[in-house]
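Each chain gets a letter, A, B and so on, in the order its sequence line appears, and its residues count up from 1. Predicted model, so just to flag it, every value in this text is computed and none were measured.
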There are 2 protein chains.
Amino acid sequence: MKKVAADTRSSILAAAAAEFAAHGFAGASVDDIAVRSQFNKAMIYYHFENKLGLYVEILRDVFRGLGARTAAIADSAASPAEKIGGFLDAFNEMAATHPYMPPMMMREMAEGAVRVDPDTLGLMARIFGSLRRILQDGVAQGAFRPANPVLTYFSLVTPVIFFHASAPIRRALDRQQFVPVGNIDASVFVAHQKAIVLAALQPCHDGTAAGRPARQTTGVTAKTRKRTRSTRPGDHA
Amino acid sequence: MKKVAADTRSSILAAAAAEFAAHGFAGASVDDIAVRSQFNKAMIYYHFENKLGLYVEILRDVFRGLGARTAAIADSAASPAEKIGGFLDAFNEMAATHPYMPPMMMREMAEGAVRVDPDTLGLMARIFGSLRRILQDGVAQGAFRPANPVLTYFSLVTPVIFFHASAPIRRALDRQQFVPVGNIDASVFVAHQKAIVLAALQPCHDGTAAGRPARQTTGVTAKTRKRTRSTRPGDHA
DNA sequence: GTCTATATCGGGATAGAC
DNA sequence: GTCTATCCCGATATAGAC
């Protein structure tokens with residue numbers, strides 16, 4: 001019942017993804033990855049350069065797929081609103097098919113993406129660029145009001161990442177009955193997110209202050225602060 | 001120029017917070033915390049039980065403050081909309097005064113809050129409960145339409161956490177000019193978030209599908225799945 | 001390609017002097 | 001309360017047989 005050679009790599013990758021998602025890069029143990037993969041530690045170093053090489057390969061694979069899909073959505077003939085929906089669906093389905101990704105993305109964000117190589121960083125930039133194009137096209141077509149793409153990106157995407165990554169703690173909270181958090185399906189949350197953000201992008205509104213999102217007046221200020229570096233990378237303060 | 005005794009604990013706590021924020025619990029080094037604190041490792045173990053004790057004390061302190069403040073907002077005489085705004089301001093100001101918290105929260109979420117003791121979990125539940133009361137009161141007063149508090153919590157709060165935690169990577173992206181992400185002030189993003197969510201909570205709208213958020217029809221299903229446990233806590237899949 | 005055994009080192013925690 | 005020196009386990013990575 002042992003796997004054949006070709007599956008070794010993918011078996012190790014899957015085991016590593018689960019381990020990294022659960023414990024982070026530093027907390028992950030190569031020994032445990034070996035056990036999960038049903039192989040042993042030496043196999044990992046035969047197929048991959050080291051722990052970091054394994055890690056970045058996982059990230060890059062997923063971002064590559066996500067980058068291609070979001071770009072296709074931006075290029076499609078769908079309406080701007082449909083594109084926004086499709087953009088969020090892409091993230092949601094990525095999270096569903098690769099459940100290790102939301103935790104890994106949260107952690108990587110938390111430490112300033114110190115382990116993201118330039119290649120993968122480019123893929124992330126490409127994803128953001130697709131959203132920017134969707135928004136621009138929407139404005140050009142009169143479907144959206146002007147909106148800062150950075151603010152929109154965070155409002156739209158990050159709750160879905162957070163929602164997926166929080167599945168374990170939501171289950172724990174519900175089980176221990178500290179708070180009736182329930183068992184909400186991701187598709188429900190995604191629909192909720194789409195509705196909120198699309199409403200805010202509507203060009204015409206009722207005129208209440210609450211209906212007016214992010215003043216388009218940039219919010220972007222001159223870059224002034226210089227980074228003070230510590231002995232190790234990834235420091236916040 | 002050496003600090004006096006009473007400051008030792010707080011100096012260690014500050015150093016530990018920075019170290020945990022930058023590298024996570026597993027990645028943080030007690031040696032480095034000692035260096036940062038300008039004391040030595042033995043001092044840490046004199047004042048704290050161990051690495052974990054240090055960690056949970058940092059989390060609990062902040063959540064205690066946040067719990068008190070959000071409860072006060074919920075109990076106040078302000079309008080429902082003002083309470084939502086104040087609730088988000090509380091998170092934003094916490095992030096500004098304790099910049100180590102957003103990364104720590106992101107990581108804790110990512111690993112299923114395995115290091116959150118019941119005491120702190122109760123504080124987190126209290127914070128969520130305050131939002132729930134604000135929403136309920138808003139509906140009772142006719143200021144809000146009914147909304148699932150869990151969905152609303154994620155849509156409202158998590159982008160602000162993410163935004164703060166992403167400050168380093170946004171600076172890096174901007175510096176390396178992969179993508180023109182700019183230097184956006186947190187207050188601008190918070191205003192944007194308030195506007196979006198408050199608009200979605202408005203009881204009257206123009207009737208477009210986009211204006212309708214999360215069907216109140218629960219989205220909560222029966223709890224069925226049993227957790228399959230791995231050898232170590234915090235596993236996702 | 002796959003395994004066992006081992007080198008090597010960093011890091012959590014402690015002993016004990018002052 | 002504060003420090004130096006040290007124990008010791010666990011974790012990355014490698015050597016080398018099959």
Find the distance [X]:[atom1] to [N]:[atom2] and express it as a whole number of Å.
X: B/H47; N: C/dA13; atom1: NE2; atom2: C1'; answer: 16 Å
X: B/I44; N: C/dG12; atom1: CD1; atom2: P; answer: 9 Å
X: B/F39; N: D/dC3; atom1: CZ; atom2: P; answer: 6 Å
X: B/M43; N: C/dT14; atom1: CE; atom2: C1'; answer: 14 Å
X: A/N40; N: D/dC18; atom1: CG; atom2: C1'; answer: 13 Å
X: B/F48; N: C/dT14; atom1: CZ; atom2: P; answer: 15 Å
X: A/Y46; N: D/dG16; atom1: OH; atom2: P; answer: 18 Å
X: B/D31; N: C/dG11; atom1: CG; atom2: C1'; answer: 6 Å

Below the 4.0 Å mark, does [N] have OP1 or OP2 next to a side-chain nitrogen or oxygen of [X]?
X: B/T8; N: D/dT2; value: yes
X: A/Y45; N: D/dT14; value: no
X: A/S29; N: D/dG10; value: no

Which nucleotide sits closest to the side chain of [X]: [options]?
X: B/V30; options: C/dG1, C/dG12, C/dC3; value: C/dG12
X: B/K51; options: C/dA13, D/dG1, D/dC3; value: C/dA13
X: B/A42; options: D/dG1, C/dA15, C/dT4; value: C/dA15

Q) Any ion pair linking B/D61 and B/R64 (charged N to carboxylate O, less than 4.0 Å)? A)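 Salt bridge flag = yes for B/D61 with B/R64.
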Q | Result of checking A/T70, A/V150, A/I73, A/I84 against A/L131 for side-chain contact (heavy atoms from CB on, under 4.5 Å) | A |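 Checked A/T70, A/V150, A/I73, A/I84 against A/L131; only one passes side-chain contact (heavy atoms from CB on, under 4.5 Å): A/I84.
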Q | Base of C/dG11 paired with side chain of B/K41 (donor-acceptor, under 3.5 Å) | A |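 Check fails, no donor-acceptor contact within cut-off.
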Q. Is there side-chain contact between B/T158 and B/F162, with at least one heavy-atom pair below 4.5 Å?
A.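 A side-chain contact is absent here, since even the closest heavy-atom pair is not under 4.5 Å.
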Q) For the residue pair A/F20 and A/Y55, is the inter-centroid distance of their aromatic rings smaller than 6.0 Å? A)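 Yes, the ring centres sit under 6.0 Å apart.
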Q. Side chains of A/Q193 and B/S155: do they bring a donor and an acceptor to under 3.5 Å?
A.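 There is such a pair between these side chains.
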